[in-house]
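Below: one structure, written as structure tokens.
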2 protein chains.
Amino acid sequence: MTRATRTSPTLANVAAAAGVSRQTVSNVINTPGRVAPETRSRVQAAIETLNYRPNRVARSLRTRTSRLLGYCVQPAPVGMLNPVLDRFVHAITESAAEHGFHVLLFTAPAGAPGLDRYAELLAQQAVDGFVLSDTVVGDPRHGWLTAHGVPFSAFGRTWTGEDQGAWVDVDGAAGIGQAVAHVHAAGHRRIGFLGWPDGSGVGDDRLAGYQAGCRRFGVAPLVVRTDGGIEAGRTAAGGLLDRPDPPSALVCVSDLAAHGALRAVTERGLRPGHDIAITGFDDTPSAALPGIELTSLSQPIEQVGRAVVRMVLGPLGAAGPPTPPAGAAPHQLFEPTLVIRSSSHPKDDGGST
Amino acid sequence: MTRATRTSPTLANVAAAAGVSRQTVSNVINTPGRVAPETRSRVQAAIETLNYRPNRVARSLRTRTSRLLGYCVQPAPVGMLNPVLDRFVHAITESAAEHGFHVLLFTAPAGAPGLDRYAELLAQQAVDGFVLSDTVVGDPRHGWLTAHGVPFSAFGRTWTGEDQGAWVDVDGAAGIGQAVAHVHAAGHRRIGFLGWPDGSGVGDDRLAGYQAGCRRFGVAPLVVRTDGGIEAGRTAAGGLLDRPDPPSALVCVSDLAAHGALRAVTERGLRPGHDIAITGFDDTPSAALPGIELTSLSQPIEQVGRAVVRMVLGPLGAAGPPTPPAGAAPHQLFEPTLVIRSSSHPKDDGGST
DNA sequence: CAAGCCCTGTTGAACGATCCAACGACCCGC
DNA sequence: GCGGGTCGTTGGATCGTTCAACAGGGCTTG
């Protein structure tokens, strides 16, 4: 029918079809209130007929705004974070779309060398802001971006004293607190913690939650560190189990560590959920496997993604059906949900209420 | 030092600094061969001094090329595909970057309704082409994109008779063939197959590989179907195991089905890898868990990602260090690698060579 | 010696949208 | 009847880059 397969209609085409000027068509699209209703409907009919879509590139050039958010996909870290990262990418993409934004993916080396990529994208006007994740303790990105006045928000706290930029995070301390309360309610009094090495931010936070839980319930802390892998978790948990006074519950800093702990437990002829309670963190797909049934803390990634996008879009003045909250808080903390499975609560034995 | 925090230098600034015209600077960047060496180095010095980066948006407007590839993130299907999808996203992002492209994420409903999103991005000149994944049998995208002359390539075959567009895929039939050969070599002669329902393309391909393997080794096929979930796999595998003539090896269409099969096996007091061999497909992180140790087929996702990007960039005339192969094949098939673990090859018993 | 070509570099226009200043029409009040 | 304010609309300028056409110098060629 139309010859639209070759070139798209332009603003001038629509204006000609509707018998008005370009600016009037632009107003119908951007500030409909400024156009008389009769004119507006006529223009809209022309837009509909020609199936006109404003050229994003031309608009970007004039307004100096790309309506794109940059997100750096890291060079595939451990297998653990993947399911979380996957859902997060989907969440920010969907959330950005509601505000007329899209997500632009790029790669960059970790640390300060990677900043060049961020700078390049900005110099090229390729993005309006950034969404950060996988933040580490000495992360140079927050400081650099704030210093350059670039809008951004992060999934993960800065973990430094100075409060730089907006962030959203999951309250690991509260989550581990839930796990401690859960196993304590099940009657466990000797509760161990399988943690990460000092200085990882996330790990320290979760350890703090464990320690607070111990204080709250008046039990003695029993902490052992691993580097995060399954094998390391198995070794570390084995060390705890072979003590003369072994714990009857093991709260783990991650699902990966918990898998190692499960292994150490079964190797010693103990039944998880029966003889000893075990909990993990992240609620990865492997936690729900039959024969594993690991109690774990599920992160509200979709909520986190929405919140992160809201925060970065705040200073950018986004548009869309859900009105952007002008005074968005610079920080937001979500609490994870404890998903109870038989590793801490056997099916055949209801445990104590 | 510089006042570059406010606005980036422009082509005219560089031209003025080097004492040449805008076009000459443009030529230095895009077609260096057309500029005299002496002038070129002078311009490059100016570019270096001012830290100039060409404005991507202005370039896009003029050349009608966004140097962006669209990729649709699906609304989070089953948990299975996630690890694969995650690596795939990273692979195409990195591969596109080598050619000066970036990946733009968007969401769209499945099937024909989602085509509007593709059309919109094209009308807006937001992307130059698309990378497809999660292709299904009746997928309308291939036909629509080829009909509109849009460059694209897909991870996954079209599965229809008519050969529309470029694709890259993993040879599921060959992979399952490897698995059958592996268990046959271990001495198994009664080999069952846990498959998906008819008509899924991927599932049919893997089933065909199983049937070819049976013919090759002269063993009788024994097929049962499941809907893909763990529970369904457990039930289906149980049906096979409870037969009067149960198989001694179970080749599964996916890791998820294999997890179900593992469950059914252990429930009946059998030891996987010892009394019965089990293999999966995808080599998901959960396959490597201690206590599971599932033999599985690992997909070369990074290679697939590189190939997909090469194919979509072919008609777009990409630039970059690795010269784009002009006559790129429209199709490419990669063979998965069998990762042997104890579910088919116990540690304590070396099995037959 | 003149015509023609390649090589280098310059100029004006164009891509398609939005911003800006100005203008005509209209209504109101004096 | 006329000045002033508001609303809707208009044409021109602009964002930063690349395309098309062309000017001038040095060289070869008839």
Side-chain angles (χ1 to χ4, degrees), chain A residues 4 6-44 46-47 50-68 100 120 122-126 128 317 319, chain B residues 4 6-44 46-47 50-67 100 122-126 128 317 319:
Chain A
R6 201 65 246 150
T7 58
S8 300
T10 171
L11 200 63
N13 300 137
V14 177
V20 294
S21 70
R22 301 188 313 276
Q23 181 63 24
T24 302
V25 180
S26 179
N27 283 338
V28 168
I29 295 169
N30 298 311
T31 52
R34 296 198 172 212
V35 181
E38 194 268 340
T39 312
R40 193 193 321 166
S41 59
R42 189 156 41 100
V43 171
Q44 273 167 343
I47 290 177
L50 277 75
N51 194 26
Y52 167 75
R53 304 281 173 197
N55 187 314
R56 237 183 146 88
V57 178
R59 190 206 293 251
S60 289
L61 179 60
R62 191 60 182 92
T63 62
R64 317 182 67 79
T65 312
S66 63
R67 301 185 83 78
L68 251 45
E120 192 170 8
L122 287 169
Q124 295 178 144
Q125 300 233 346
D128 292 341
Chain B
R6 202 64 247 151
T7 57
S8 300
T10 170
L11 202 61
N13 300 137
V14 178
V20 294
S21 68
R22 300 188 313 275
Q23 184 62 32
T24 301
V25 181
S26 177
N27 285 337
V28 168
I29 295 169
N30 298 310
T31 51
R34 297 197 171 211
V35 181
E38 195 268 338
T39 312
R40 194 192 319 166
S41 59
R42 189 155 40 98
V43 170
Q44 273 168 341
I47 290 177
L50 277 76
N51 195 27
Y52 167 75
R53 303 282 174 196
N55 186 314
R56 239 184 144 88
V57 178
R59 187 203 294 247
S60 290
L61 179 60
R62 191 59 182 93
T63 61
R64 317 179 66 78
T65 312
S66 63
R67 300 186 83 78
L122 287 169
Q124 294 177 146
Q125 300 232 348
D128 292 341

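We name chains A, B, ... by the order of the sequence lines, and we start the count at 1 in each one.
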[X] [atom1] - [N] [atom2] separation (whole Å):
{"X": "B:Gln125", "N": "C:dG16", "atom1": "CD", "atom2": "C1'", "result": "9 Å"}
{"X": "B:Arg42", "N": "C:dT8", "atom1": "CZ", "atom2": "P", "result": "14 Å"}
{"X": "A:Leu50", "N": "C:dG16", "atom1": "CG", "atom2": "P", "result": "14 Å"}
{"X": "B:Arg62", "N": "C:dG16", "atom1": "CZ", "atom2": "P", "result": "9 Å"}
{"X": "A:Arg56", "N": "C:dC15", "atom1": "CZ", "atom2": "C1'", "result": "18 Å"}
{"X": "A:Arg67", "N": "C:dT18", "atom1": "CZ", "atom2": "P", "result": "11 Å"}
{"X": "A:Gln23", "N": "C:dA17", "atom1": "CD", "atom2": "P", "result": "12 Å"}
{"X": "A:Asn13", "N": "C:dC15", "atom1": "CG", "atom2": "C1'", "result": "13 Å"}

(message) Do B:Ile29 and B:Ser26 have side chains that approach each other closer than 4.5 Å (heavy atoms only, starting at C-beta)?
(response)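 No, side chains not in contact.
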(request) Enter the distance from A:Ser8:OG to B:Arg64:CZ here, rounded to the nearest 0.5 Å. (result)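 Atom-to-atom, A:Ser8:OG and B:Arg64:CZ are 7.5 Å apart.
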(message) For B:Ala58 versus A:Leu61, what's the shortest heavy-atom pair and its separation?
(response) CB-CD1, 3.7 Å
(request) Grab the two heavy atoms, one from A:Ala123 and one from B:Arg53, that are nearest each other, plus how far apart they are. (result) CB-CG, 3.7 Å
Going by the rule side chain to side chain contact (heavy atoms under 4.5 Å, CB included), which residues pair with [X] if we only count those two or more places apart in sequence or in a different chain?
{"X": "B:Arg40", "value": "B:Val28, B:Pro32, B:Val35, B:Pro37, B:Gln44"}
{"X": "A:Ser41", "value": "none"}
{"X": "B:Thr10", "value": "B:Ala12, B:Asn13"}

(message) So, OP1 or OP2 of C:dC15: does either fall under 4.0 Å of a side-chain N or O from B:Ser60?
(response) no
(message) Which is more 5' along DNA chain D, the nucleotide nearest A:Val35 or the one nearest A:Arg22? Just name the residue.
(response) A:Val35
Considering every strand and a 4.0 Å limit on heavy-atom distances, what is the contact class for [X]: base, sugar-phosphate, or nothing?
{"X": "B:Thr24", "value": "base"}
{"X": "B:Ser21", "value": "base"}
{"X": "A:Ser26", "value": "sugar-phosphate"}

(message) For A:Leu11 and B:Gly19, find the nucleotide of DNA chain C closest to each by heavy atoms; which residue's nucleotide sits nearer the 5' end?
(response)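 Looking at the nearest nucleotide for each, B:Gly19 comes out on the 5' side.
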(request) Five pairs at each end of the helix from C:dC1-D:dG30 to C:dC30-D:dG1: take the axis at both ends and give me the angle between them to 10°. (result) 60°
(message) Going 5' to 3' along DNA chain D, which are the first and last nucleotides with any atom under 4.0 Å from a heavy atom of chain B?
(response)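 Reading along DNA chain D, I get D:dG16 to D:dC19.
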(message) Does anything in residues 54-63 of chain B form a side-chain hydrogen bond (donor to acceptor under 3.5 Å, both in side chains)? List the pairs, not counting sequence neighbours.
(response) B:Asn30-B:Arg59
